[in-house]
There are 2 protein chains.
Amino acid sequence: MLSKKTKYGLKALTYIVRNASDVPVQVGAIAKGEQIPQKFLESILLTLRKAGILGSKKGKYGGYYLRKQPSEILMTEVMRVLEGPIAMVPCVSLNFYEKCHDCPDEVSCSVHKLMIQVRDSTLNVFKNTTLADLSSN
Amino acid sequence: MLSKKTKYGLKALTYIVRNASDVPVQVGAIAKGEQIPQKFLESILLTLRKAGILGSKKGKYGGYYLRKQPSEILMTEVMRVLEGPIAMVPCVSLNFYEKCHDCPDEVSCSVHKLMIQVRDSTLNVFKNTTLADLSSN
DNA sequence: GTATTTCCTATTAAATCGATAGGATTAATA
DNA sequence: TATTAATCCTATCGATTTAATAGGAAATAC
């Protein structure tokens, strides 16, 4: 299941793309426009800022803005920041690899083989989709 | 994340394929061979039996066996029984569809579009993989 | 009839998720 | 400089889900 965090994060990002102007987009506006609990959204945008995807400005007329062009923000990056590993098991994760201890041998593991295929096919979608694609109608 | 339930279930199924004979395969043997807590495994195999994937025999020399040929058991079926929906959000699920209430319009939802692509690519893997594929070395 | 195995229900401990609370920090502007 | 408005930060909480365990009922081989 996609977490609410990720879902809200994606919606917020597209909202920012669609409402970008010379002043940053405020959390309150996004929360209202996308039906997201504001305090929850605050923490999500903070995560995206710390990951370098968003920039922010404090104080009056402050808010959030994109650090890169929408067409340069890949879903691989966004999903890893918000949702964590793209792979369904740590032992096939490219960015969050972990050996699984209940598995004597990865190569012969049936689950391993299947999950590599799932990872690759999902990865293929994410690396060919940018925030610009998401934001277009 | 893939649940332990699904992981154990897949391992158990391949164990049954690899150790099939004229007598059913016992839970204890699978648990030992695949390092799975036996009581937990019992409930998983019960789920697979109720779904029609496994058959069972009670009492001495009882155990579990496949109801179909390994090559006829698709991962789509197994995954839906063990893990539930293949889609990451209910609003793009083929077998477990649910409207999402925080979304005024599915067609224009950016998350929706992306998740349909992920669903289709994952589905493509599962429908082209059988238990026989998993069980071969 | 006894041992062995699956079947069934209930419970529990731990982890995760979604959300909230309350205030600290920063910046615009009157 | 005081006020207002926004992000920033930490902590916490309740609900849900997950992984696992417990205990015994039902069926079957011998």
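Within every chain, numbering begins at 1; the chains are lettered A, B, ... in the order of the sequence lines, protein sequences first and strands thereafter.
One finds a side-chain N or O of A/Ser56 lying less than 4.0 angstrom from the OP1 or OP2 phosphate oxygen of D/dC8. Between A/Lys57 and the phosphate of C/dA28, there is a side-chain N or O to OP1/OP2 separation shorter than 4.0 Å. Between A/Arg49 and D/dT7, a side-chain N or O to OP1/OP2 separation shorter than 4.0 Å is absent. The side chain of A/Tyr8 places an N or O atom within less than 4.0 Å of a non-bridging phosphate oxygen (OP1 or OP2) of C/dA19. At the phosphate of D/dA25, neither OP1 nor OP2 sits under 4.0 Å from any side-chain N or O atom of B/Lys58. Put simply, A/Lys50 has a side-chain N or O that comes within less than 4.0 Å of OP1 or OP2 on D/dC9.
Computed from coordinates, the A/Met88 CE to D/dT18 P distance equals 12 Å when rounded to whole Å. In this structure, the CD atom of B/Glu83 is 13 Å from the C1' atom of D/dA19, given to the nearest Å. For the pair B/Leu82 CG and D/dT18 P, the interatomic distance rounds to 13 Å; values are reported in whole Å. Straight-line distance from the CD1 atom of A/Ile30 to the C1' atom of D/dA6: 13 Å, rounded to whole Å. One can place CD of B/Gln26 at 17 Å from P of C/dA3, the figure rounded to the nearest angstrom. In this structure, B/Glu42 places its CD atom 15 Å from C1' of C/dA10, rounding to the nearest Å. The separation between B/Phe40 atom CZ and D/dA22 atom P is 15 Å, rounded to whole Å. Taking atom NZ of A/Lys5 as the reference point, atom C1' of C/dC17 lies 10 Å away to the nearest angstrom.
In this structure, of D/dC8, D/dA29, D/dT21, it is D/dC8 that holds the atom nearest to the side chain of A/Leu46. Of the listed nucleotides (C/dT4, C/dT20, D/dA19), C/dT4 has the atom at the smallest distance from the side chain of B/Lys60. Closest to the side chain of B/Tyr61, from the set D/dA22, D/dC30, C/dG23, is D/dC30. Taking the side chain of B/Pro37 as heavy atoms from C-beta on, and the options C/dT29, D/dA19, D/dT21, the nearest nucleotide is D/dT21.
Counting non-hydrogen atoms under 4.0 angstrom, B/Gly63 reaches the backbone sugars and phosphates but no base.
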For this session: Show the numbers, then the answer: is there a side-chain contact (heavy atoms from CB on, under 4.5 Å) between A/Met79 and A/Leu10?
Result: CA-CA 9 Å; A/Met79 291 299 292; A/Leu10 289 171; 4.3 Å; yes
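The backbone N or O of B/Thr130 lies less than 3.5 Å from a partner atom in the side chain of B/Asp133, making a donor-acceptor pair. For the pair B/Thr129 (side chain) and B/Phe126 (backbone), a donor-acceptor distance under 3.5 Å is absent. A side-chain donor-acceptor contact under 3.5 Å links B/Arg119 to the backbone of B/Val92. A donor-acceptor pair under 3.5 Å is absent between the side-chain atoms of B/Ser135 and the main chain of B/Ala132, judged by distance alone.
Side chains of A/His112 and A/Ile116 form a contact here, defined as non-hydrogen atoms less than 4.5 Å apart.
Residue whose closest nucleotide on DNA chain C sits further toward the 5' end, between B/Val25 and A/Leu2: B/Val25. Between A/Gln38 and B/Tyr64, the residue anchored closer to the 5' end of DNA chain C is B/Tyr64, taking for each the nucleotide with the nearest heavy atom. Mapping A/Ser43 and B/Ser43 onto DNA chain D via the closest heavy atom, the residue that lands nearer the 5' end is A/Ser43.
Side chain A/Lys7 to base C/dG18: no donor-acceptor pair is found below 3.5 Å. A/Lys39 contributes a side-chain N or O that forms a donor-acceptor pair with the base of C/dG22 under 3.5 Å.
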